[in-house]
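In each ligand, atom 1 is the first atom listed, and ligand 1 is the first ligand listed.
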Amino acid sequence: MVRALRDQDGITSEPVAAAFAAVPRHRFAPDAPLELAYDLHRTVPVKKDEHGLDISVMSAAHLQAVMLEQAGIEPGMRVLEIGSGGVNAAYLQELVGSKGEITTVDIDRDVIDRARLCLDDTGYTEVKTVLADGETGVPDGAPYDRIIVTAAAWDIPASWISGLTAKGRLVVPLTMCGTTRSIAFDRDDDGLISRSYGLARFVPMQGEGAAEERKAMLRDGVALQTDDVRVPLNAQALNRALDTPRLERWSGAAYDLPDELELYLTLNLSSAARLHADKDAVEHGLVEASALYGVPALVSEDSIAYRTRRENESTGGFESGVIAHGPQAEALADEYVDVLRRWAQDHRHRGAATFRYLPGAAPTPLPRDAVRRRHGIVTVAWN
Ligand SMILES: C[S@@+](CC[C@H](N)C(=O)[O-])C[C@H]1O[C@@H](n2cnc3c(N)ncnc32)[C@H](O)[C@@H]1O
């Protein structure tokens, strides 16, 4: 697993490689087959809610490695992990060594009890386990050199910022309009500034910090989701729009680096939601395959536009395009195509975004590049 993680750029440093080699990962997933426990990209289920959705999993090894690399943990550090399971806390303990201190907190008693048992069983008795809502941090052990959040967060509460040392770093999977990036933030005056980010998927944060999201089922297997209060989600009108003829518009721009493009679209469309469609809806030709795992959509009261792609025979790659429905299809397609072209022309590279988190009341009017949250705003600059 360590070799494969290196090959796939999950592990890029010797300390993280040594931590992964030292911890007996399968003993934190005793009921799972070995292939699953050591799979690079699959999670191991730990607990599900009443609808059968995961609320706790052992995170995939690749994502854990990437986030530990982002965190840059050194011997002797004090680290807080928010969202527990045991195995990641064990990696953290290996990284900080005997002079460091690891605290791991979970909101769920079953999860934290299980983590405690696994940590004791594998000899990581010095890791502190705490049952609490991580929204308030764990002030007892603060300030921390690093805080690593392992559930998808919608906001950054003040306790996570004030709980860091002056040179502290927060690694957090931050969700913006249904898409999540693991962002490593350093402190910057009263706020935070990002130093790296990457694609991430996590179970959602529960408790006080749970996401403020709205979902609209347009029809069976087709849904829209947004966390922006300004976006209209009129399920009936948008459902009617899907029955109107589709407008197809091609951008001439390259479709490439899908995760970077998706982030740009999500943050630059003027009224963004995420469109999800199931296999049936795609097979019936109602919605394009781009929506199978969620695609950024531009929505108005009665119309919708979303991204698609086609092979570009002259370059051998793909070209991005737009599908639009409804009375305002033309206008939405024009805006969407503009954003696709702007990205391809000016920002088509890895790491184009720099995120800032500014705690406190949001300015009015809200700057165009800002995302409003309960405890502050996220702004994004593109290079
Ligand atoms: C992906 S799992 C954590 C995986 C773990 N870090 C590991 O070692 O693989 C996410 C966890 O976050 C927890 N969680 C969700 N909301 C929380 C909150 N507000 N405070 C603390 N834990 C929370 C869930 O109970 C769940 O166990």
Side-chain angles (χ1 to χ4, degrees), residues 1 10 16 19-20 23-32 36-50 53-68 70-71 73 79-95 102-119 121-122 124 127-139 141 146-160 163 170-175 180 182 200-212 374-375:
M1 182 184 70
V16 174
F20 271 79
V23 174
R25 185 174 176 86
H26 56 285
R27 287 174 62 188
F28 292 85
D31 301 328
L36 179 59
Y38 284 91
D39 192 283
L40 263 43
H41 298 287
R42 285 195 297 162
T43 59
V44 179
V46 171
K47 189 169 176 177
K48 293 184 188 285
D49 69 8
E50 67 276 21
L53 297 173
D54 285 320
I55 51 172
S56 185
V57 297
M58 179 165 99
S59 300
H62 190 272
L63 184 51
Q64 288 173 327
V66 166
M67 290 178 76
L68 292 172
Q70 281 186 294
I73 292 161
V79 182
L80 171 64
E81 181 193 40
I82 297 177
S84 203
V87 71
N88 200 47
Y91 295 143
L92 288 168
Q93 187 64 60
E94 289 289 338
L95 287 166
I102 304 301
T103 304
T104 180
V105 58
D106 204 284
I107 197 167
D108 190 315
R109 182 177 292 282
D110 295 340
V111 174
I112 205 73
D113 287 351
R114 178 185 176 282
R116 182 73 269 158
L117 279 176
C118 293
L119 286 162
D121 177 53
T122 46
Y124 293 96
V127 172
K128 287 195 192 122
T129 45
V130 177
L131 173 66
D133 185 338
E135 173 84 356
T136 46
V138 179
R146 302 287 185 260
I147 297 179
I148 300 193
V149 184
T150 64
W154 179 81
D155 197 1
I156 298 180
S159 65
W160 297 357
L170 169 69
V171 180
V172 56
L174 198 62
T175 298
T180 306
S182 168
R201 278 191 73 179
F202 271 99
V203 298
M205 188 72 80
Q206 305 165 44
E208 282 286 302
E212 286 178 9
R374 215 175 285 147
H375 304 295

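The two residues Thr104 and Gly83 have their closest heavy-atom pair at OG1-O, 4.2 Å. Residues Pro24 and Thr122 come closest through the heavy atom pair CG-CG2, 3.9 Å.
The nearest protein atom to atom 16 (N) of ligand 1, hydrogens excluded, is given as Gln206 N, 2.8 Å; this is a heavy-atom distance. Remark: minimum distance from atom 13 (C) of ligand 1 to any protein heavy atom is reached at Asp106 OD2, 3.2 Å. Scanning the protein for heavy atoms near atom 21 (C) of ligand 1, the closest one is Ile107 N, 3.3 Å. Looking only at heavy atoms of the protein, atom 20 (N) of ligand 1 is closest to Gly134 N, 2.8 Å. The protein atom (non-hydrogen) at minimum distance from atom 10 (C) of ligand 1 is Thr150 O, 3.2 Å. Among protein heavy atoms, the minimum distance from atom 12 (O) of ligand 1 is reached at Gly83 CA, 3.3 Å.
Contacts between Ser84 and ligand 1, counted as non-hydrogen atom pairs separated by less than 4.0 Å, involve the backbone only. Residue-level proximity to ligand 1 for Thr43 is absent, since no heavy atom of it falls below 4.0 angstrom. Counting heavy atoms under 4.0 Å from ligand 1, residue Val111 touches it through the side chain alone.
The aromatic rings of Tyr91 and Phe20 sit parallel to each other, their planes meeting at less than 30°, with 60° as the upper class boundary.
Residue-ligand proximity: Gln64 is placed with a non-hydrogen atom under 4.0 Å from ligand 1.
Counting the atoms of ligand 1 from 1 in the order shown, those under 4.0 Å from a heavy atom of Ala151 are 12 (O). Against a heavy-atom cut-off of under 4.0 Å, Glu81 is close to the following atoms of ligand 1: 6 (N). Under a 4.0 Å criterion applied to the non-hydrogen atoms of Val203, ligand 1 contributes the atoms 1 (C), 10 (C). Counting the atoms of ligand 1 from 1 in the order shown, those under 4.0 Å from a heavy atom of Met58 are 9 (O). For ligand 1 and Ala132, the ligand atoms under 4.0 Å from any heavy atom of the residue are 20 (N), 21 (C). The contact set between ligand 1 and Ser59, taken as ligand atoms under 4.0 Å from a residue heavy atom, comprises 1 (C), 4 (C), 9 (O). The Asp133 neighbourhood of ligand 1 comprises atoms 18 (C), 19 (N), 20 (N), with distances under 4.0 Å to a heavy atom of that residue. Counting atoms of ligand 1 from 1 in the listed order, those under 4.0 Å from a heavy atom of Met205 are 16 (N), 17 (C), 18 (C), 19 (N).
Test Asp106, Leu117, Ile107, Val105 against Ile112 for side-chain contact (heavy atoms from CB on, under 4.5 Å) and you get one pass: Asp106.
With 3.5 Å as the limit, one finds no donor-acceptor pair spanning the side chains of Thr103 and Glu81. Checked by atom type, the side-chain pair Thr180/Thr175 shows a donor-acceptor distance below 3.5 Å.
Separation of atoms CE (Met205) and OG1 (Thr150) is listed at 8.0 Å; rounding is to 0.5 Å.
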message = As a quick check of understanding, evaluate side chain to side chain contact (heavy atoms under 4.5 Å, CB included) for Val16 and Leu95, giving each step before the final call.
response = CA-CA 7 Å; Val16 174; Leu95 287 166; 4.2 Å; yes
query = Can Gln64 and Arg25 be said to form a side chain to side chain donor-acceptor pair (under 3.5 Å), step by step?
reply = CA-CA 12 Å; Gln64 288 173 327; Arg25 185 174 176 86; 2.6 Å; yes
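Note on Asp110 versus Lys47: salt bridge recorded, some NZ/NE/NH1/NH2 to OD/OE distance being below 4.0 Å.
Under the 4.5 Å side-chain criterion, counting only non-hydrogen atoms from C-beta, Met67 is not in contact with Ser59.
Taking each of Val57, Val138, Leu131, Leu63 in turn, the one with a heavy atom nearest to atom 2 (S) of ligand 1 proves to be Val57.
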Which atom pairs, one a donor and one an acceptor, fall under 3.5 Å between side chains of residues 127-136 and the rest of the protein, sequence neighbours left out?
unit_1	atom_1	unit_2	atom_2	d
Thr129	OG1	Arg116	NH1	3.0
Asp133	OD1	Glu135	N	2.9
Asp133	OD2	Glu208	N	2.9
Glu135	OE2	His375	NE2	3.1
Thr136	OG1	Asp133	O	3.1

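The shortest N or O to N or O distance between Glu135 and ligand 1 is not below 3.5 Å.
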